[in-house]
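Both ligands and their constituent atoms are indexed starting at 1 by order of listing. Nothing here was measured: the structure is a model prediction, and the numbers come from that model.
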Amino acid sequence: MTTIDPLETYVSGHEFKMFIGGQFTDGADLERRDVRDPSTGKVVTTVPAASAVDVEAAIAAAAEAQPAWEALGLSGRIACIDRFAHLVRENRERLAMLDAIDCGNPVDAMRGDIDICEAYFDGWPALAKSMRGDVIPASQGNLHYTAHRPYGVVGRITAFNHPAFYAITRPLPSLITGNTLVMKPSDETTLSTLALAELYAEAFPRGVVNIVSGGASAGDAIVTSSQIKRIGFTGSVPTGLLIQRRAAESGHIKHISLELGGKNAMVVFPDVDLDEAVEGAIFGMNLNVCQGQSCGSNSRIMVHAAIYDEFVNLLSSKLDRYRVGIAYDESTDVGPVVSQAHWDRVNSYIEAGVAEGATLVRGGGRPTGVPNGGHYIEPALFADVTLDMRIGREEIFGPVMSVFRWDDYDAMIAEVNALDLGLAASVWTNNLAIAHKTAGELEAGYVWINDSTRHYFGTPFGGAKNSGLGREESADELLSFLERKVVHTRLGDPRSALSRMLG
Ligand code: NAD
């Protein structure tokens, strides 16, 4: 196997540009922002920072391209998606490496992210082909049917944690339904999305997909544009709330879907296979995919008192096998968190956990043998966590696991449901009746029984309570990119029509 220098091969000498109206551009005011490699903390390149003028240009290009894109019809649009899928496969290694370099996620996990996209390349065309309108027998002498129309231009704003995966899969349901797109990745992790612009350029007609890079102001320009009626957002609860407010302040009614944060509970009953449940706890944290920086991570583990000590000890010893290191080093299990600012944030939670009386069983410090400037944290395990502690109730979005002890079922359910977050949860028991009763009582948009974190295309994914609005990856999402219209035809009395026509 030849060893390459990933930075040399995939970043140095490459130009990262925005993609507006079929043109690669540095933006109107040529402003750029540094890109740091979280594994070393060093600046590795720069990317454009979009101004409001660039966002407006992107929206105008998308609006101009939309009628022809819609008129192309479903089979024409699917042909473009198929072409794009082929290009993504060809660029798997480059995209995965860019995410490792830019985001800090282990490169092999990022190869996995690209592979998962296959389910979306297959799933969206199949769902779109099966879509039907309704004929509704609402009255005599009239024909009522429903038709669907795209909104026009869709704005997509995404989070930092799975950059290429979002930039590949999130556009698909809006595009296949005949909308055109302005997409903005997180300003923390833009490289793979800007690289994907080259593939979008090859696969889609000019103006159908537009990509701008930038932060809050670029996102705000998308959210408040009069030409964007539909926004898909993935990110934190505070930004989600702000987006709803700013959209309303724009004076335009907008359809907004929000995929937001979670503080997901894993509920463990005393009858579980301990080893399986502990493996499930680690897997469900997404530690070796994105350092626990996942909305779906089971960061609150509620373990029954009868097996509590055994569970915590086994979890602690199993965590020892995870090697923290450079994200693009093939032997790394857990990479650095995305930025110094995020490291400071996660570290402040670790300090708060200790100060508030939780037991730090393992981790939480800087691992040895890693580059000095990198943003590394040894996965932290806290026991004796309670709901009044910040680590017990706030989303940390990092490699920190909090284990609660319970012995009263109703009190445990009340604790899980006490938060205003409700993205996902999991239930671990071999008793089916208990499993389904508990799944029914947990306030979450997605509940696993004896599993966690995996979600499959076709099953509606999204949060309850403050964790979101709308459901993705399913027929629900496809319909959410279409406006429904009823067509009412007055047929009248066919007998009088016949006699008027034929005498
Ligand atoms: P974030 O809210 O800081 O940023 C998300 C996106 O919003 C970025 O592209 C950012 O540039 C943009 N943005 C920031 N301010 C904006 C504004 N005023 N107007 C418009 N856009 C703006 O979130 P993050 O740190 O990138 O991601 C972490 C959060 O995302 C966590 O809370 C996590 O749980 C959540 N998340 C949820 C899901 C899900 O599917 N439910 C998936 C991934 C991440």
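Using a 4.0 Å cut-off between charged side-chain N and carboxylate O, Arg111 and Glu93 make a salt bridge.
Using modelled atom types, one finds a donor on one side chain and an acceptor on the other under 3.5 Å when comparing Arg323 with Thr332. With hydrogens and angles left out, the side-chain atoms of Ser217 and Asp220 include no donor and acceptor closer than 3.5 Å. Side-chain contact annotation: Arg230 with Ser257, donor-acceptor N/O pair under 3.5 Å present. A side-chain N or O of Thr459 and one of Tyr446 form a donor-acceptor pair less than 3.5 Å apart.
Only the side chain of Glu395 comes within 4.0 Å of ligand 1, judged by heavy-atom distances. Contacts of Thr234 with ligand 1, taken as heavy-atom pairs under 4.0 Å, involve both backbone and side chain. Residue contacts with ligand 1, taken as heavy atom pairs separated by less than 4.0 Å, involve Leu260 solely via the backbone atoms N, CA, C and O.
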Go through the steps for Lys17 and Asp26 under the test salt bridge (charged side-chain N to carboxylate O under 4.0 Å, His left out), then give the verdict.
CA-CA 5 Å; Lys17 291 179 184 267; Asp26 291 312; 2.9 Å; yes
Verdict with supporting geometry, Met412 and Phe404, side-chain contact (heavy atoms from CB on, under 4.5 Å)
CA-CA 9 Å; Met412 178 273 293; Phe404 289 61; over 6 Å; no
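Short contacts between ligand 1 and Asn161, defined as distances under 4.0 Å to a heavy atom of the residue, involve ligand atoms 43 (C), 44 (C). Proximity to Phe233 (heavy-atom distance under 4.0 Å) selects the following atoms of ligand 1: 2 (O), 5 (C), 6 (C), 7 (O). With ligand atoms numbered from 1 in the order given, ligand 1 contributes 42 (C), 43 (C) to contacts under 4.0 Å with heavy atoms of Tyr166. Numbered from 1 in the order shown, with element, the atoms of ligand 1 that lie under 4.0 Å from a heavy atom of Asp187 read 11 (O). Taking every non-hydrogen atom of Ala159 and a distance limit under 4.0 Å, the qualifying atoms of ligand 1 come out as 26 (O), 27 (O), 30 (O), 44 (C). Below 4.0 Å from some heavy atom of Leu242 lie the following atoms of ligand 1, by number and element: 18 (N).
Residue Pro185 places a heavy atom less than 4.0 Å from ligand 1.
Annotation: Thr158 places an N or O atom under 3.5 Å from an N or O atom of ligand 1; distance criterion only.
For atom 13 (N) of ligand 1, the closest non-hydrogen atom on the protein side is Thr239 CG2, 3.7 Å. Considering only non-hydrogen protein atoms, atom 12 (C) of ligand 1 sits nearest to Ile157 CG2, 3.7 Å. For atom 24 (P) of ligand 1, the nearest protein heavy atom (residue, atom name, distance) is Phe160 CD2, 3.7 Å. Of the protein's non-hydrogen atoms, the one nearest atom 11 (O) of ligand 1 is Lys184 NZ, 2.7 Å. Nearest protein heavy-atom neighbour of atom 23 (O) of ligand 1: Ser236 N, 3.5 Å. Of the protein's non-hydrogen atoms, the one nearest atom 30 (O) of ligand 1 is Gly235 C, 2.9 Å. For atom 39 (C) of ligand 1, the nearest protein heavy atom (residue, atom name, distance) is Cys295 SG, 3.2 Å. Among all protein heavy atoms, the one lying closest to atom 33 (C) of ligand 1 is Phe397 CE1, 3.2 Å.
Evaluated by nearest non-hydrogen atom to atom 20 (C) of ligand 1, the leading choice among Gly215, Gly219, Ala424 is Gly219.
Residue-environment remark: CG (Asp388) exceeds the threshold of 12 foreign heavy atoms within 6.0 Å. Within 6.0 Å of atom CZ in Arg33, more than 12 heavy atoms from other residues, nucleotides or ligands are found, so the atom counts as buried in its surroundings.
Looking at Ser299 and Ile391, their side chains never come closer than 4.5 Å, going by heavy atoms from C-beta outward.
Not counting sequence neighbours, Ser452 has no partner by the side chain to side chain donor-acceptor pair (under 3.5 Å) test.
Considering Phe461, Tyr166, Phe165 as possible partners of Tyr120, the one that fulfils the ring pair (Phe, Tyr, Trp, His ring centres under 6.0 Å) test is Phe165.
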